[in-house]
Amino acid sequence: MRTPILAANWKMHKNVGEAVAFVEEFLPLVADAEGVEMVLAPPFTALDRVGQTLAGSAVKLASQNVNPEAKGAFTGEIAPGMLVDLGCAYAIVGHSERRHIYGEDDTLVARKAAALLAEDIRPIVCVGETLDQREANRTFDVIGGQLEGSLAEVDPARAEDVVLAYEPVWAIGTGRTATPEIAQEVHAFIREGLAKRFGERASQIRIQYGGSVKPDNVYELMAQPDIDGALVGGASLEPESFSRIVLFDRQGSA
Ligand code: PGA
């Protein structure tokens, strides 16, 4: 059984006060949520206070990025051990904004994933094709390459501690969601790729979908056999909206 994992990626939104206010409003809304894992990824500056406010709840803390080195002269960077200090259970790596705006490649993503696992933080490894790549029928090549490269340093014994996130770049922040069928097709392809690399363990690895997930489309996405959760940007910024996503709101679905 794969426990669904719903994660909020706040990106560069919310100061400390706004982040704490979100948590205070969100926790009562999801107090009865069962059988799902809930994760919040605030900006680095809010991790500490959000972590303190989450203490004793079922909601877990994540960072949006990490540096693979343990310490040293890396101005402006944050090491995995520093995230352990703050109580992070997860960290997002290889988000398309990191890949496209900051030039991160699979080799760096692979090092980050391995460095996190070494500190017992679970990496959420993002992959996804651009619109040009999809239109050129290169989706599977691109995703296959990203998977192989980004997971190259993951010890197979730790495979279940990795979460994948399929985020088609053309669906991120655009309001354009992949249909459940399109998403499922890629998720199934990702699971096959994971099986080649990790064997039977692949059936235990969660694969999130990300890209304009909202309360009114989460139910249909989550109904797909290989979609095990969601990584949510815009619709995770309001407590009510994200709580409906966490509860796979049926009413909102068409
Ligand atoms: P979105 O972002 O939900 O705003 O499309 C998803 C993401 O980038 O993780």
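Note that the coordinates shown come from a computational prediction; the quantities given were computed from them, not determined experimentally. One-based numbering, in listed order, for ligands and for the atoms of each.
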Pairing donors with acceptors under 3.5 angstrom, does anything connect the side chains of R99 and S150? yes

Could you walk me through whether F189 and F140 pass ring-ring contact (aromatic ring centres under 6.0 Å, His included), step by step? CA-CA 8 Å; F189 172 81; F140 293 123; 4.7 Å; yes

Members other than I124 in its cluster, when Ile, Leu, Val, Met, Phe, Trp, Tyr link by side-chain heavy atoms under 4.5 Å? I5, V39, Y90, I92, V163, L231

Residue by residue, ordered by chain and number, which ones reach under 4.0 Å of ligand 1 with a heavy atom? N9, K11, H95, E167, A171, I172, G173, G211, S212, L231, V232, G233, G234

Partners of R201 by salt bridge (Lys or Arg N to Asp or Glu O under 4.0 Å), sequence neighbours excluded? E160

The criterion is salt bridge (Lys or Arg N to Asp or Glu O under 4.0 Å); which residues satisfy it with R122, sequence neighbours excluded? D161

One thing to verify: whether E148 and R197 come together as a salt bridge, which I'm taking to mean a side-chain N less than 4.0 angstrom from a carboxylate O. no

